[in-house]
Amino acid sequence: MVVDGLTDETVDRLFHALADATRRDILRRCVRGELSVSRLAEAYPMSFAAVQKHVTVLERAGLVTKQRRGREQLVRTDRDAVGRARQALDELETAWRARVDRMSGLLADDAGTDAGSGDKETTEGQDR
């Protein structure tokens with residue numbers, strides 16, 4: 001599935017990054033404004049290095065950007081990337097709804113055919 005010029009690999013990285021609750025929380029916190037990695041680390045019951053790895057996964061997926069300011073690394077959510085993830089989900093929803101609609105149509109056609117053949121059998125049985 002290619003979304004707005006994104007490759008399958010890029011979309012996979014996006015959803016891999018979003019699959020983890022800690023990374024989603026980091027993303028939510030950084031939407032409100034820039035936060036340093038050390039400030040983020042204070043919010044979680046894990047090591048600084050573990051939070052740093054989560055931020056790296058988000059950065060590789062393009063969901064956040066990091067900028068060094070002095071000794072701190074500031075993290076900011078890339079709203080456009082979050083929008084691309086939403087677009088990918090919308091396209092998946094559209095594709096699946098179309099498939100369900102096609103299946104519903106086929107089932108309705110099949111039910112109509114079955115009902116028509118049932119009437120024919122009844123009519124034939126009455127003639128005998």
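Keep in mind that the numbers below use all heavy atoms, side chains included, and drop hydrogens, waters and symmetry copies. Here the structure is a predicted model, which is why all the values come from computation and not from measurement.
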Counting only heavy atoms not in Arg24, do more than 12 fall under 6.0 Å of its CZ?
yes
Using a 6.0 Å distance limit plus a 45 degree cone around the ring axis, check whether Arg29 lies over the aromatic ring of Tyr44.
yes
Any residue meeting salt bridge (Lys or Arg N to Asp or Glu O under 4.0 Å) with Arg69, in chain and number order, not counting sequence neighbours
Glu34
With the threshold set at 4.0 Å, does a side-chain nitrogen-carboxylate oxygen contact exist between Arg97 and Glu93?
yes
The residue among Val100, Leu106, Leu107 that forms side-chain contact (heavy atoms from CB on, under 4.5 Å) with Ser104 is Val100
Given side chains that start at C-beta, do those of Leu74 and Lys66 come closer than 4.5 Å, heavy atoms only?
no
Are the side chains of Met46 and Thr22 in contact, using a 4.5 Å heavy-atom criterion?
yes
Minimal heavy-atom distance between Leu63 and Ala17, with the atoms involved, is CD1-CB, 3.8 Å
Leu14 and Ala81 have their tightest heavy-atom pair at CD2-O, 4.2 Å
Can you tell me how far apart CE (Met103) and CH2 (Trp96) are? Round to the nearest 0.5 Å.
7.0 Å
For Phe15 and Ala85, which heavy atoms make the closest approach, and how far apart are they?
CZ-O, 3.6 Å
Would Arg84 and Asp80 pass as an ion pair if we require N to O under 4.0 Å?
no
What is the distance from atom CD of Gln73 to atom CG of Leu35, rounded to the nearest 0.5 Å?
13.5 Å
Check whether Val55 and Val57 end up in the same hydrophobic cluster, where Ile, Leu, Val, Met, Phe, Trp and Tyr are linked by side-chain heavy atoms less than 4.5 Å apart.
no
To the nearest 0.5 Å, atom CG of Leu40 lies from atom CG of Asp25 at 9.0 Å
Taking the side chain as everything from C-beta on, heavy atoms only, tell me whether Cys30 gets closer than 4.5 Å to Ile26.
yes
Can you tell me if Arg71 has over 12 outside heavy atoms packed within less than 6.0 Å of its CZ?
no
Does a side-chain heavy-atom distance below 4.5 Å link Arg23 with His16?
yes
Is there a path of hydrophobic side-chain contacts, each under 4.5 Å between heavy atoms of I/L/V/M/F/W/Y residues, joining Val31 to Val51?
no
Is the closest side-chain heavy-atom distance between Arg68 and Glu72 below 4.5 Å?
no
Can you tell me how far CG of Leu89 sits from CG of Leu18, rounded to the nearest 0.5 angstrom?
8.5 Å
